[in-house]
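Comments concern the structure below.
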Amino acid sequence: MRDKKKRSRIEIIADILAYLDKNGCSRPTRMATALNLSYDKLMDYVKELDGRGMITTNMDGICITPRGLQFLREYIRWSNFAKSFGIDI
């Protein structure tokens with residue numbers, strides 16, 4: 001069995017934002033399953049990202065904000081830049 005690299009905190013945040021960007025607003029249970037996170041761990045991230053204005057919660061579920069989209073785009077740009085130098089993030 002091949003060992004999987006543990007995702008960093010920033011990778012998990014990017015995964016959450018990318019999921020919301022691709023799928024739109026979502027319920028936390030569905031997100032936790034899709035992102036392979038425990039519900040409690042996801043909610044810790046949701047609380048942090050909501051406090052930073054990157055996501056919002058409403059009747060539709062958890063939604064990405066323009067600030068979250070900006071962060072995601074910059075993360076992808078930075079990640080691709082690092083990879084072009086052979087640096088895995």
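Here the shortest heavy-atom pairing between P28 and Y39 reads CB-CE1, 3.7 Å.
Side chain of D21 to main chain of L17: no donor-acceptor pair is present (N/O by atom type, distance under 3.5 Å, no hydrogens or angles). Listed for the T65 side chain is a donor-acceptor partner under 3.5 Å among the backbone atoms of G53. Under the 3.5 Å distance criterion, the side-chain polar atoms of E11 are matched with a main-chain donor or acceptor of S8. Using modelled atom types, no side-chain atom of D50 and backbone atom of V46 make a donor-acceptor pair closer than 3.5 Å. When atom types are taken as modelled, the side chain of T56 and the backbone of C63 share no donor-acceptor pair closer than 3.5 angstrom.
Note that CH2 of W78 and NZ of K83 are 10.5 Å apart. Values are rounded to the nearest 0.5 Å. Summarising the geometry, atom CZ belonging to R67 is positioned 12.5 Å from atom CG belonging to L69; distances are rounded to the nearest 0.5 Å. Interatomic distance, K47 NZ to I55 CD1, rounded to the nearest 0.5 Å: 12.5 Å. The structure places CG of D44 at 7.5 Å from OG of S38, a figure rounded to the nearest 0.5 Å.
Looking at L42 and I16, their side chains come closer than 4.5 Å, going by heavy atoms from C-beta outward. You'll find the side chain of I62 stays beyond 4.5 Å of the side chain of C25, heavy atoms only.
Under the 4.0 Å criterion applied to side-chain N and carboxylate O atoms, R7 and D15 are assigned as salt-bridge partners.
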Dump the intermediate steps for side chain to side chain contact (heavy atoms under 4.5 Å, CB included) on I13 and R9, then the final yes or no. CA-CA 6 Å; I13 289 170; R9 183 174 168 277; 4.1 Å; yes

One pair to check against side chain to side chain contact (heavy atoms under 4.5 Å, CB included): R52 and F71. What are the steps and the verdict? CA-CA 11 Å; R52 296 182 187 278; F71 177 87; over 6 Å; no

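Under the 4.5 Å side-chain heavy-atom criterion for grouping Ile, Leu, Val, Met, Phe, Trp and Tyr, F81 is not connected to L72 through any hydrophobic cluster.
Remark: N36 CG is loosely packed, at most 12 non-hydrogen atoms of other residues, nucleotides or ligands lying under 6.0 Å away.
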